[in-house]
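We count ligands from 1, going down the list as the structure has it; atoms in each ligand are counted the same way. The structure presented is a predicted model; accordingly, all values stated were derived computationally and were not measured. When reading the values below, keep in mind they use all heavy atoms of this one structure, side chains included, and skip hydrogens, waters and symmetry mates.
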Amino acid sequence: MADADKPVATTSENVVEKPRRRGCVGHCVRFWWVYLIVLIVLVVILVPVILLVAVPKIAQSKLDDAELILDGITVTNTESKRMTMAINSTIKSDGKVHATIEPFLGVMYLEDLEGHVPFASINFPETTSDALQTVNVTQTLDIKDEDALTTFNTWLLANETLRVTVYGETGIHVKGISRRYPVTFKKTVEMPGLQMLAGTSVNETSINLDKENNFNATAWIPNRSKVSFELGNATFHNYLDGQEIGTVFIDSLFLRAGEVNKYKMRATIEQSPVLEALGKSPACDKNKGWLDFQIRGKTVNNNGQDLPYFANALSTANQTIPIDIGGTLQRSLGITIPCGGLGGGDH
Ligand SMILES: *[C@@H]1O[C@H](CO)[C@@H](O)[C@H](O)[C@H]1NC(C)=O
Ligand SMILES: *[C@@H]1O[C@H](CO)[C@@H](O)[C@H](O)[C@H]1NC(C)=O
Ligand SMILES: *[C@@H]1O[C@H](CO)[C@@H](O)[C@H](O)[C@H]1NC(C)=O
Ligand SMILES: *[C@@H]1O[C@H](CO)[C@@H](O)[C@H](O)[C@H]1NC(C)=O
Ligand SMILES: *[C@@H]1O[C@H](CO)[C@@H](O)[C@H](O)[C@H]1NC(C)=O
Ligand SMILES: *[C@@H]1O[C@H](CO)[C@@H](O)[C@H](O)[C@H]1NC(C)=O
Ligand SMILES: *[C@@H]1O[C@H](CO)[C@@H](O)[C@H](O)[C@H]1NC(C)=O
Ligand SMILES: CC(=O)N[C@H]1CO[C@H](CO)[C@@H](O)[C@@H]1O
């Protein structure tokens, strides 16, 4: 063994000059099959693992990390069975993976309502993975599930906030790879609700003694949500002290996001319950002629078509509106109702 080592040690002086080549030549030639196996493993296993497992996983997780922001929704041309829905949205991502997401059909549903029944489906256009991109879509929406749409409108109308999920199956194309990868687009956005239009006020009032249309006023309706809708002609039940006393009409109502909506309104109201309430405390003394009315949605009709998905949502709750009826009577007709009522003086 020692003999065999010596010549190797001497020749090794030559080896020092080209250690790699000799190392490889001997090694590579002898173990070529190992290299072949490693190569085959790389090609046969690793590349597909990267292409089939790693890339789609990264693509999906990048898509999951991206944020969808709803900038605004506008619902117009509302009909019984269809409407036009415009959505302006922004998708935010880190922009590190260069990819294109195929157009897809996304359904929208209330995240916090069991069943996740879609109330709308939207065709999303092709998008890229740019760090910031706006996606604005306008399309006709056929109402496939009126109950689900009514429930969405009810939540939108009643809640302080609501969470809506956009869900769709689509494909992603990563730059440099010809393959298409299936991915799931699923984003939940939280949006402000209308809080039952709380804060609606009514002023610039006038009254007459006719049987119909005996009250005119201006209604100021706040809109806290990012959704604007064309309602059309809306009517409301009108209650005083728990009793229905008439109907309120607002024509061509289009609730716009981001502003206080100013509307002319008119009403047909029974006079005796109003006069009676004015002659009682607290209206006649402490409240100086102000009465609390409740209104609740009754019908919504746009260009001859009933819109139950709005009407039924508006009918789910009452909204209290204080109105200066005493002051209105004084201004319009010169009448002041004292405590005890007009009849109270003739004892
Ligand atoms: C979307 O953006 C366009 C352009 O800025 C604007 O005219 C439109 O009113 C917006 N629509 C919605 C639904 O926010
Ligand atoms: C999309 O709508 C936003 C407003 O929400 C607007 O600023 C942007 O210009 C619109 N983009 C396109 C491509 O219309
Ligand atoms: C939203 O409002 C609806 C109807 O008033 C209610 O049933 C639901 O629990 C509310 N959801 C949330 C998340 O506040
Ligand atoms: C009616 O109320 C609105 C909103 O609060 C206010 O801007 C307006 O000046 C009021 N009109 C009158 C005549 O007081
Ligand atoms: C309400 O306005 C209409 C139209 O301007 C008018 O004909 C009617 O007399 C008004 N009614 C009252 C109660 O002011
Ligand atoms: C609205 O108020 C009226 C009168 O007080 C009452 O009869 C009715 O049950 C209320 N409706 C809702 C949905 O709260
Ligand atoms: C609202 O009602 C009025 C009077 O009945 C009608 O002339 C008008 O066309 C209606 N408007 C809409 C948007 O339906
Ligand atoms: C988005 C938003 O809240 N817009 C407006 C809705 O109406 C109220 C007033 O009632 C405004 O203060 C908001 O700016």
Inset, instruction - Give a yes-or-no answer on whether the side chains of Thr268 and Asn214 include a donor-acceptor pair shorter than 3.5 Å. - result: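 Checked: Thr268/Asn214 side chains show no N/O donor-acceptor pair below 3.5 Å.
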Could you list the donor-acceptor pairs under 3.5 angstrom formed by side chains in residues 240-250, with sequence neighbours left out?
residue	atom	partner	partner atom	Å
Glu244	OE2	His237	ND1	2.7
Thr247	OG1	Lys298	NZ	3.3

Inset, instruction - Check each atom of ligand 4 against the heavy atoms of Glu204 and keep those under 4.0 Å away; list them by number with element. - result: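 Near Glu204, meaning under 4.0 Å from one of its heavy atoms, ligand 4 has 11 (N), 12 (C), 13 (C).
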Inset, instruction - Please identify which atoms of ligand 1 are closer than 4.0 Å to at least one heavy atom of Ala86. - result: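 Once the distances to Ala86 are compared, the set is 13 (C).
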Inset, instruction - Any atoms of ligand 1 less than 4.0 Å from a non-hydrogen atom of Ile73? List them with their elements. - result: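 With Ile73 as reference, the close atoms of ligand 1 come out as 13 (C).
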Legend entry - Residue from Glu126, Glu102, Arg180, Arg179 passing side-chain hydrogen bond (donor to acceptor under 3.5 Å, both in side chains) with His173: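 It is Glu102; the other options fail the test.
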Legend entry - Parallel, tilted or perpendicular, as decided by the 30° and 60° cut-offs, for the rings of Tyr109 and His116: parallel
Inset, instruction - Decide if atom CD of Glu190 counts as having more than 12 heavy atoms of other residues, nucleotides or ligands within a radius under 6.0 Å. - result: yes
Legend entry - Sequence neighbours excluded - disulfide bond (SG atoms under 2.5 Å apart) pairs with any residue from residues 161-195: none
Inset, instruction - Using a 4.0 Å heavy-atom cut-off, say whether Ile87 meets ligand 1 through its side chain, its backbone, both or neither. - result: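 Neither part.
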Legend entry - Shortest non-hydrogen contact between Asn77 and Glu230, atoms and distance: N-OE1, 2.9 Å
Inset, instruction - May I ask you to check if ligand 1 and Thr74 share an N or O to N or O distance below 3.5 Å? - result: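 No - when backbone and side-chain N and O of Thr74 are compared with those of ligand 1, no distance drops under 3.5 Å.
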Could you go through ligand 7 and note, for every N or O atom, any protein N or O atom closer than 3.5 angstrom, writing the atom names and distance to 0.1 Å, or 'none'?
residue	atom	partner	partner atom	Å
ligand 7	2 (O)	Asn233	ND2	2.1
ligand 7	11 (N)	Asn233	OD1	3.2
ligand 7	11 (N)	Asn233	ND2	3.2
ligand 7	14 (O)	Asn303	N	2.8

Could you pull out all donor-acceptor pairs under 3.5 Å where a side-chain atom in residues 152-161 meets a protein atom, sequence neighbours excluded?
residue	atom	partner	partner atom	Å
Asn153	ND2	Leu149	O	3.4
Asn153	ND2	Tyr309	O	3.0
Thr154	OG1	Thr150	O	2.6

